[in-house]
Student: 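I'd like to ask some things about the structure below.
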Protein chains: 2
Amino acid sequence: MPSPAALMQTPVAPKRLRGRPRKTVDERDDGNRRQAVLTGAAGLFRRKGFAATTTRDIAAAAGMQSGSPFYHFKSKSALLYAVMEEGMHAALARQRVALGAASVEDQSPAAQLRKLVQVHFEVLLGPGNDFVPVMLYEWRSLQPGQRKALAALVAEYESLWTPVLLALQTAGQLQAPVGLSRLLILGALNWSVQWFDARKGASVNGLTDAAMALFLKEA
Amino acid sequence: MPSPAALMQTPVAPKRLRGRPRKTVDERDDGNRRQAVLTGAAGLFRRKGFAATTTRDIAAAAGMQSGSPFYHFKSKSALLYAVMEEGMHAALARQRVALGAASVEDQSPAAQLRKLVQVHFEVLLGPGNDFVPVMLYEWRSLQPGQRKALAALVAEYESLWTPVLLALQTAGQLQAPVGLSRLLILGALNWSVQWFDARKGASVNGLTDAAMALFLKEA
DNA sequence: CCTACCGATCGGTAGG
DNA sequence: CCTACCGATCGGTAGG
């Protein structure tokens with residue numbers, strides 16, 4: 001999910017300024033190149049892990065020299081955080097669109113869970129979607145302050161699931177306690193990152209069907 | 001699960017030999033100290049990850065100097081493999097004991113699944129059981145040849161689950177396809193490594209109950 | 001298993 | 001964003 005800035009091609013030459021405009025550390029946004037660093041880092045972090053990825057790897061993936069990623073991000077650690085934050089924002093946005101503007105009462109709880117599960121699989125397994133897997137599997141590589149900031153986004157994401165699971169429990173379609181159900185269900189989905197192979201005939205739709213059949217009792 | 005050798009205290013002085021007996025590279029077994037390296041490495045690999053753990057960290061955890069782990073293991077990578085192999089052997093042994101010498105027909109499929117789930121949780125979450133979590137979360141840190149060797153043990157472990165899930169499907173207690181069910185169920189369990197906190201009142205028994213209630217339909 | 005060490009690599013920076 | 005570089009650290013080893 002490239003940001004709008006990333007969709008622009010090389011920006012036209014600035015009208016009056018000579019050289020590059022030097023923005024403050026907090027609001028650097030060179031669009032294209034910054035996004036290239038971010039996307040390259042996400043792919044490498046996912047495939048090799050954060051600690052095993054060097055900033056030189058990342059630079060090369062973005063077609064830059066070894067010191068250049070530090071023009072866009074003040075440290076390797078800040079880059080990891082940016083990857084995860086982008087992943088969570090994208091996931092939240094996609095779930096909100098999927099659940100629709102309509103209120104929770106418009107669809108059956110089972111249909112709502114199906115949407116949540118399907119979009120979750122897409123966010124995890126879709127082509128180029130490395131951001132959320134990095135967030136899931138590199139949590140321990142974050143610094144404590146970063147962890148705390150991201151935990152708020154994670155809680156927001158989980159809060160989309162709780163009312164749906166609660167409704168299913170009331171309807172008798174979910175037998176386990178809601179809190180543990182959510183942890184177990186999301187675990188089952190998250191683990192798919194380890195084994196899913198789109199080339200092997202598996203599809204997100206088939207996966208979603210299987211998950212629903214596994215977790216839910218008849219209405 | 002310390003090996004028998006690790007349960008011995010400092011060995012008595014050898015009767016006749018002067019200095020330490022120098023074994024060949026392939027069969028070094030100094031008991032105590034080797035196991036200390038292995039256990040320390042497992043804990044560090046689990047907490048910090050393989051790439052973020054230095055061989056100096058491991059040496060310090062075992063109370064050695066920085067170069068000494070290489071007396072017991074020929075490389076950091078070989079140490080990772082040894083941790084995982086020990087984890088898988090212990091897990092397989094525990095499951096076989098739990099399923100008992102009796103044949104598969106002696107208990108209901110649901111009771112057998114319960115055993116598998118409970119022992120799996122214990123292997124993952126029990127105190128000092130860092131070996132299998134390392135195996136689960138550091139798979140990508142292995143070299144291709146190591147991965148292939150371990151895959152055989154993993155397949156053996158999974159083969160304990162398949163007949164049980166098949167029987168449950170036949171009985172109508174499991175609705176999803178057996179292959180996907182196994183992947184989703186093991187994923188749900190494996191993910192508990194990320195959130196389980198024994199201090200917070202959660203227990204392996206409670207977790208097992210919840211998992212069974214979530215996955216199985218009424219008989 | 002310790003001492004002493006090596007070559008390579010790493011995250012990060014100054015200056016342009 | 002590149003050039004050129006630095007100090008620190010890392011996996012691993014020779015020799016005892």
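Chain letters run A, B, ... following the sequence lines, proteins first, then strands; residues in each count from 1.
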Student: What nucleotide among dG11(D), dC1(C), dC2(D) has an atom nearest to a side-chain atom of M64(A)?
Tutor: dC2(D)
Student: Round to the nearest Å and state the distance from I58(B) atom CD1 to dG11(D) atom P.
Tutor: 8 Å
Student: Nearest of dA4(D), dG11(D), dC2(D) to any side-chain atom of F70(B)?
Tutor: dG11(D)
Student: Among dG12(D), dC1(C), dC10(C), find the nucleotide with the atom closest to the side chain of S75(B).
Tutor: dG12(D)
Student: Side-chain donor-acceptor pair under 3.5 Å between E156(B) and Q95(B), yes or no?
Tutor: no
Student: Can the ring centroids of F45(A) and W139(A) be said to lie less than 6.0 angstrom from one another?
Tutor: no
Student: Just how far is it from atom CE of M135(B) to atom CG of L150(B), taken to the nearest 0.5 Å?
Tutor: 5.5 Å
Student: Given dG11(D), dG11(C), dA4(C), which nucleotide is nearest the side-chain atoms of R56(B)?
Tutor: dG11(D)
Student: Whole Å only: how far is the CG atom of N32(B) from the P atom of dC1(C)?
Tutor: 8 Å
Student: Touch check for S77(B), heavy atoms < 4.0 angstrom, all strands: base, sugar-phosphate only, or nothing?
Tutor: nothing
Student: Write down the partner of dA14(D) under the Watson-Crick or G-U wobble criteria, each distance required to be under 3.5 Å.
Tutor: dT3(C)
Student: Report the distance from atom NZ of K74(B) to atom P of dG12(D), rounded to the nearest whole Å.
Tutor: 10 Å
Student: Rounded to the nearest angstrom, tell me the gap between atom OH in Y71(B) and atom C1' in dT3(C).
Tutor: 16 Å
Student: Between H89(B) and F131(B), does the ring centre distance come in under 6.0 Å?
Tutor: no
Student: If you only use heavy atoms from C-beta on, which nucleotide in dG11(D), dC5(D), dC2(D) is closest to the side chain of S68(A)?
Tutor: dC2(D)
Student: Tell me which nucleotide, if any, is Watson-Crick or G-U wobble paired with dA8(D) when both distances must be under 3.5 Å.
Tutor: dT9(C)
Student: Do any side-chain nitrogens or oxygens of Q65(A) fall under 4.0 Å of OP1 or OP2 in dT3(D)?
Tutor: yes
Student: Of the options dG12(D), dC1(D), dG11(C), whose atoms approach the side-chain atoms of K76(A) most closely?
Tutor: dG11(C)
Student: Can you measure L80(B) atom CG to dG12(D) atom C1' for me and round it to whole angstrom units?
Tutor: 17 Å
Student: Which whole-number value in Å describes the distance from L44(A) CG to dC10(C) C1'?
Tutor: 15 Å
Student: Hey, are E138(A) and R140(B) close enough for a salt bridge, meaning a charged N less than 4.0 Å from a carboxylate O?
Tutor: yes
